[in-house]
**Q** 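Pasting a structure below so you can have a look.
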Amino acid sequence: MPPRILCFGAGGHAAVVVDLIQILEAQGEGVLLGLLAEPGAAADVLGVPILGSDAALGSIISSLDATHFVVAVGSVQGGGSLRPRLFARAEAAGLIPFVAIHPKAIVSPHTEIGPGTVIMAGAVLQARVLIGRNVIVNTRCSLDHDCIVGDHAHLAPGSVLSGGVTLGVASHVGTGATIIHDIRIGDGATVAAGATVVQNCPPGATVVGTPARLLRSKP
Ligand SMILES: CC(C)(COP(=O)(O)OP(=O)(O)OC[C@H]1O[C@@H](n2cnc3c(N)ncnc32)[C@H](O)[C@@H]1OP(=O)(O)O)[C@@H](O)C(=O)NCCC(=O)NCCS
């Protein structure tokens, strides 16, 4: 039986995830059952119904025979707790994290991609890249050889990681940011949109600009 998938979220990022899963669905790789979102969200996203809030998760799983999930909530900086919390909640409810890789992403066979991770259109993942759980590799990101990406991290569209970069858990790399080789970005850290990172970034810190400078330390 193909995976029967629920997605958490109904915002802009959810639309991109829905679009991706619909492509995979057309290839027989899963069935998208619907979305979970807080009350007040729209009735559907790209024609996929919103089934209720995550408070109703248990009954939605049993009534629809759901087997898998994707966290389709985005983030605009590091250290957020919502995406990890939804991931843990869905796993605790017995769902399996679904991996969604766009057919127009270029992914070396010598990579490891963790459960629940989504890889969007135009992304390039080179040899020996290791990606954790519940990661967003967004549109047109580039990860060169030997990069390691921690769980729940988000690489925003067009970000570029040179070889050997390590991203911490729940870190965020902003749109169009560039990180040079062998740099370490700490857990929960944020790299601003458009930054060029040439030094390691401590956990929880936010760095901005070219070359990147510290905007703020851990809050
Ligand atoms: C870095 C970031 C998190 C800072 O957000 P913030 O905490 O709300 O900070 P503010 O907007 O109050 O800006 C604080 C200062 O940093 C500067 N700044 C903010 N973002 C910057 C950026 N991307 N590059 C350079 N400087 C930046 C501001 O100009 C301001 O400078 P000032 O104090 O001299 O006026 C945010 O601007 C950012 O780049 N987020 C990434 C967004 C992203 O990737 N979105 C994609 C989602 S898919």
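Counting starts at 1 for both ligands and their atoms, in listed order.
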**Q** Can you name the residues that come within less than 4.0 Å of ligand 1, going by heavy atoms only?
**A**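 Under the 4.0 Å cut-off, ligand 1 touches Ser75, Val76, His154, Ala156, Pro157, His172, Gly174, Thr175, Thr190, Ala192, Ala193, Thr206, Val208, Leu215, Arg216.
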**Q** Return a table of donor-acceptor pairs under 3.5 angstrom between the side chains of residues 29-41 and protein atoms on other chains or two or more places apart.
**A**
unit_1 : atom_1 : unit_2 : atom_2 : d
Glu29  : OE2    : Gln27  : NE2    : 2.7

**Q** Can you get from Leu155 to Val169 by hopping between Ile, Leu, Val, Met, Phe, Trp and Tyr side chains that sit under 4.5 Å apart?
**A**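 No, it is not one cluster - the side chains of Leu155 and Val169 are not joined through contacts under 4.5 Å.
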**Q** Picking from His154, Glu91, His152, what satisfies side-chain hydrogen bond (donor to acceptor under 3.5 Å, both in side chains) with Asn134?
**A**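 For Asn134, the side-chain hydrogen bond (donor to acceptor under 3.5 Å, both in side chains) test succeeds with only one of His154, Glu91, His152, which is His152.
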**Q** Has Arg140 got more than 12 heavy atoms of other residues, nucleotides or ligands less than 6.0 Å from its CZ?
**A**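 Check fails, neighbour count at 12 or below.
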**Q** Is a donor on one side and an acceptor on the other found under 3.5 Å between the side chain of Asn200 and the backbone of Ile183?
**A**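 Pair absent, no side-chain N/O of Asn200 close to backbone of Ile183.
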**Q** Walk me through it: do Phe87 and Phe8 pass the test ring-ring contact (aromatic ring centres under 6.0 Å, His included)?
**A** CA-CA 9 Å; Phe87 188 86; Phe8 291 85; 9.6 Å; no
